[in-house]
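Take a look at the structure below.
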Amino acid sequence: MATTDTPAPTDFIREIIIRDQQTGKYGGRVHTRFPPEPNGYLHIGHAKAICLNFDLAEEFGGLCNLRFDDTNPTKEDAEYVEAIKRDVRWLGFDWGDREYYASDYFDQLYEYAVQLIKQGKAYVCDLSPEEIRLYRGTLTEPGKESPYRNRSVEENLDLFQRMRAGEFEEGSRTLRAKIDMASPNVVMRDPVLYRILKARHHRTGDRWCIYPMYDFTHCLSDSIEGITHSVCTLEFETNRPLYDWVLDTLGVYHPQQIEFARLNLSHTVLSKRKLLRLVQEGYVSGWDDPRMPTISGLRRRGYTPEAIRAFCRRLGVSKSESLVDIGLLEHYVREDLNRRAPRVMVVQRPLRVVIDNYPEDLVEEMEAINNPEDPSAGTRKVPFSRVLYIEREDFMENPPSHFYRLAPGREVRLRYAYFIRCTDVVKDPQTGEVVQVHCTYDPQTRGGDAPDGRKVKSTLHWVSARHAIPATVRLYDRLFLKENPNDVEEGKDFTDYLNPNSLEVVTGCWAEPSLASAVPGDRFQFERLGYYCMDPDSRPGALVFNRTVGLRDPYAKVLKAVLGQ
RNA sequence: UGGGGGAUCGUCCAGCGGUAGGACACCUGACUCUGGAUCAGGCGACCGGGGUUCGAAUCCCUGUCCCCCAGCCA
């Protein structure tokens, strides 16, 4: 299910795996893992990692584990665990019964720490956080050894045991690896392995008051699970020597860490910290606000898992950091939704049209195609009557040269219905705004074709006023105006680049009656407008749709060019 | 000024000593009962400077620029 939509790509990670299989490393086995920390929601950047890890496993006949990297109880929460599981599943991936938690390994990890102490490779350090920082040196100067570095094994064992027993204050002591305070790699200057945190863990409760650090936990979790290729992002490259050191020093099974460039998307942010701020400071309505690049946001926006997967696979995997145009993501939803979204007619900004020569009480059922890309989707009936709504922007009293929709004297086609010609307009006496258009229809053109072969330049979508059901539409635009909101100028904050018009709520829309049976999550193409997804906020008689993405609209460019000069 | 990485069309990714290719975007045109979709064509790049070689994006030297690392975060 996961790999059928796009041909398998090739990249440096797959090359490594193929080489490993040829040399018999790991006995030809491939076992990956996706290791989220449950401290926030998954976003499109995680989707790239999820696709990579699960695809790798499937392609090479291996498995991929889901593992929660839950070693910091002060930031993590069970709520996030559930959200992450739901999102990975929704994306179309299955981890079977291999749902693991680093916290499940706390006992084992503790034993490994004890072993390190016994090997003389770890010690309990009484330095305060500030002192540790001072002793660490700088990027260009070596650090100083802790005065506690040469405690005896017995003393270390005793102290570590008492750390675990809760005898010491938070922050008063740590367990540190004894490596090299003069290492040019700062990560190797006696890194902290365990810290005292008197916090309740969402899974282990109050059983522990010391918690292992990432560098100690991650490599050992990989080792315990028999991971072969531990794929992570570039910023962990400097940590790899430590990953290797822990495993080698302990003499345990040794997976290999491979780093690739994380995804950056234009016009949005993909850091949990920044996304959290957008939520907490109310710039968006929540983690699943359709403007958010979170999986839950994209889902509510109307994105399909297939589109997200196709996007992630098309990105490729490399080590050069890049900024992917969000237009590429939009391309993949359009491509997917074009294939599968049923068409429907909705008038977003209505203009009343009266067809003067159409019988007052007549209602005709027009046959409309549900999806021209998919004949099996069939047809439906759409009621037509004397008073209709068309899109306000489909009429112009004084049209510019490239405008070939409705205008006084002009004839256009109403989709699946008749040709109509504009005969008159009614204006608001106060504002001069056109409030109603009068037309005549040609009964010979029923179904949309003229027997005399005459052509019209434009086809308009419409709804019958008597049959229309009211709807609200939420038009979303890019969250940030700036291509790269992470590139913050002096004295500014990334929130300064927020797009003030990223959400426009349009009320008073009219939808064709078939939409009455839609349920939240249903996706449609509103003909000539874009792709929309019914929001859970919808109530019977008060439908709400989120615009996933607009249709490609060359005319918008023409208009812009005309207005621009 | 330490260490670790990275530089190829506007963007993203290929190219692994032998004609720099694809996708998105953009521009033409065809077709169309969605100014959608589809189809055809086009534009467009090897960070700079040296070298090795018949031949270099690829190998060597040198320079430049960008990213990451000094959490008891991950």
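Lettering of chains follows the sequences in order, A, B, ..., and the numbering in each one begins at 1.
- For A:Glu373 and B:rU38, a side-chain-to-base donor-acceptor distance below 3.5 Å is absent, hydrogens and geometry of angles not being considered.
- Between A:Lys272 atom NZ and B:rC73 atom P there is a gap of 15 Å when expressed in whole angstrom units.
- Taking atom C1' on both nucleotides, B:rG21 is separated from B:rC43 by 16 Å, rounded to a whole Å.
- Of the candidate nucleotides B:rG35, B:rC68, B:rC73, B:rC68 has the atom nearest to the side chain of A:Glu235.
- With A:His201 as the partner, the ring pair (Phe, Tyr, Trp, His ring centres under 6.0 Å) test is satisfied by one option alone out of A:Phe68, A:Phe106, A:Tyr101: A:Phe106.
- Side-chain N or O atoms of A:Arg33 include none that pairs as donor or acceptor with a backbone N or O of A:Asp222 at under 3.5 Å.
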**OP:** Sugar-phosphate atoms are those with a prime plus P, OP1 and OP2; base atoms are the rest. Using that split, label each nucleotide of nucleotides 21-27 of chain B B, S or - for protein heavy atoms under 4.0 Å, 5' to 3'.
**Re:** -BSS-SS

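- No donor-acceptor distance shorter than 3.5 angstrom exists from the side chain of A:His46 to the backbone of A:Pro36, with no hydrogens or angles considered.
- Rounded to whole Å, the separation between the P atoms of B:rA74 and B:rG22 comes to 46 Å.
- Stacking annotation: A:Tyr555 is stacked on the base of B:rG35 (ring centroids less than 5.5 angstrom apart, interplanar angle below 30 degrees).
- Taking a cutoff of 4.0 Å between a charged side-chain nitrogen and a carboxylate oxygen, A:Glu365 and A:Lys381 do not qualify as a salt bridge.
- A:Glu169 comes within contact range of no nucleotide atom at all, as no heavy-atom separation falls under 4.0 Å.
- At a threshold of 4.0 angstrom between heavy atoms, the contacts of A:His402 include nucleobase atoms, whether or not backbone atoms are also involved.
- Rounded to whole Å, atom C1' of B:rG36 lies 14 Å from atom CG of A:Asp394.
- Nucleotide B:rA7 forms a Watson-Crick or G-U wobble pair with B:rU64, both donor-acceptor distances falling under 3.5 Å.
- Within 4.0 Å of A:Glu37, counting heavy atoms only, lie sugar-phosphate atoms of the nucleic acid but no base atom.
- At the phosphate of B:rG71, OP1 or OP2 sits under 4.0 Å from a side-chain N or O atom of A:Arg136.
- Considering only side-chain N and O atoms, A:Arg528 lies nowhere under 4.0 angstrom from the phosphate OP1 or OP2 of B:rA37.
- Contacts of A:Asn239 with the nucleic acid, taken as non-hydrogen atoms under 4.0 Å apart, include base atoms.
- Minimum atom distance to the side chain of A:Asp325 is reached by B:rU11, of the listed B:rU11, B:rC72, B:rU34.
- Separating the P atom of B:rU19 from that of B:rG36 is a span of 39 Å, rounded to the nearest Å.
- In this structure, A:Asp215 and A:Val187 both approach RNA chain B, and ranking their closest nucleotides by distance from the 5' end singles out A:Val187.
- For B:rC46 and B:rG10, the P atoms lie 8 Å apart once the distance is rounded to whole Å.
- Atom CZ in A:Arg189 sits roughly 7 Å away from atom C1' in B:rA70 (whole-Å rounding).
- A salt bridge between A:Glu391 and A:Arg349 is absent, with no side-chain N of the basic residue lying under 4.0 Å from a carboxylate O of the acidic one.
- Of the C1' atoms belonging to B:rC9 and B:rA57, the separation is 14 Å, rounded to the nearest Å.
- Using a 4.0 Å heavy-atom cutoff across all strands shown, A:Tyr194 reaches no nucleic acid atom at all.
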Original post:
What does nucleotides 1-6 of chain B look like as a protein-contact string, B for base, S for sugar-phosphate only, - for none, at under 4.0 angstrom between heavy atoms?
Top reply: -BBSSS

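- Look at CG on A:Leu315: it is 11 Å from P on B:rA14, rounded to the nearest Å.
- The nucleotide B:rC46 finds no pairing partner, because no Watson-Crick or G-U wobble arrangement with both distances shorter than 3.5 Å includes it.
- Contacts of A:Pro554 with the nucleic acid, taken as non-hydrogen atoms under 4.0 Å apart, involve only primed sugar atoms and P, OP1 or OP2.
- Looking at heavy-atom distances under 4.0 Å, A:Ser128 makes contact with a base.
- For the C1' atoms, the distance from B:rA23 to B:rU62 is 35 Å, rounded to whole Å.
- Heavy atoms of A:Val317 sit under 4.0 angstrom from primed sugar atoms or phosphate atoms, though from no base atom.
- For A:Phe545 and A:Tyr532, the distance between ring centers is not under 6.0 angstrom.
- Side-chain atoms of A:Arg415 never come within 3.5 Å of backbone atoms of A:Thr459 as a donor-acceptor pair (strictly under, hydrogens ignored).
- The residue A:Phe403 sits close to a base: some heavy atom pair falls under 4.0 Å.
- Only one option out of A:Asp449, A:Asp442, A:Thr445 pairs with A:Arg454 in a side-chain hydrogen bond (donor to acceptor under 3.5 Å, both in side chains); it is A:Asp442.
- In B:rG49 the base sits anti relative to the sugar, since the glycosidic angle is further than 90° from 0.
- When heavy atoms are screened at a 4.0 angstrom cut-off, A:Arg415 is found touching base atoms of the nucleic acid.
- Summarising the base pairing, B:rC16 is matched to no nucleotide, lacking a Watson-Crick or G-U wobble pair whose two defining distances lie under 3.5 Å.
- Regarding A:Tyr123, its OH atom lies at a distance of 12 Å from the P atom of B:rC72, rounded to whole Å.
- B:rC26 and B:rG15 are spaced 28 Å apart, taking the P atom of each and rounding to whole Å.
- Distance CG (A:Leu551) to C1' (B:rU32): 14 Å, rounded to an integer number of Å.
- Between A:Asn486 atom CG and B:rC67 atom C1' there is a gap of 13 Å when expressed in whole angstrom units.
- The nearest heavy atom of RNA chain B to A:Pro372 and to A:Phe12 marks one nucleotide each, and the one closer to the 5' end goes with A:Phe12.
- With both ends at atom P, the span from B:rU64 to B:rU1 equals 9 Å, rounded to whole Å.
- Under 3.5 Å, the side chains of A:Glu79 and A:Tyr41 contain a donor-acceptor pair of N or O atoms.
- No contact: A:Leu134 has no heavy atom under 4.0 Å from any strand.
- Across all strands shown, B:rC73 remains unpaired; no Watson-Crick or G-U wobble contact has both distances below 3.5 Å.
- A:Leu529 comes within 4.0 angstrom of nothing in the nucleic acid, heavy atoms only.
- A:Leu460 places its CG atom 8 Å from the P atom of B:rG35, with the value rounded to the nearest Å.
- A:Tyr194 places a side-chain N or O within 3.5 Å of a backbone atom of A:Tyr110 that can act as its donor or acceptor partner.
- Ion pairing between a basic and an acidic side chain is recognised when a charged N comes within 4.0 Å of a carboxylate O; A:Arg151 and A:Asp126 show such pairing.
- A donor atom on one side chain and an acceptor atom on the other are found under 3.5 Å apart for A:Gln257 and A:Glu259.
- Among the protein residues, A:Arg343 comes within range of the nucleic acid bases, having at least one heavy atom under 4.0 Å from a base atom.
- Aromatic rings of A:Tyr112 and A:Phe216 (six-membered ring for Trp) have centroids beyond the 6.0 Å cut-off, not under it.
- Residue A:Met188 is out of contact with every strand shown, counting any heavy-atom pair closer than 4.0 Å.
- OP1 or OP2 of B:rC13 has at least one side-chain nitrogen or oxygen of A:Ser322 nearer than 4.0 Å.
- Residue side chain A:Glu15 reaches the base of B:rC16 through a donor-acceptor N/O pair under 3.5 Å, judged by distance alone.
- Salt bridge status for A:Glu330 with A:Arg478: present, with a side-chain N to carboxylate O gap under 4.0 Å.
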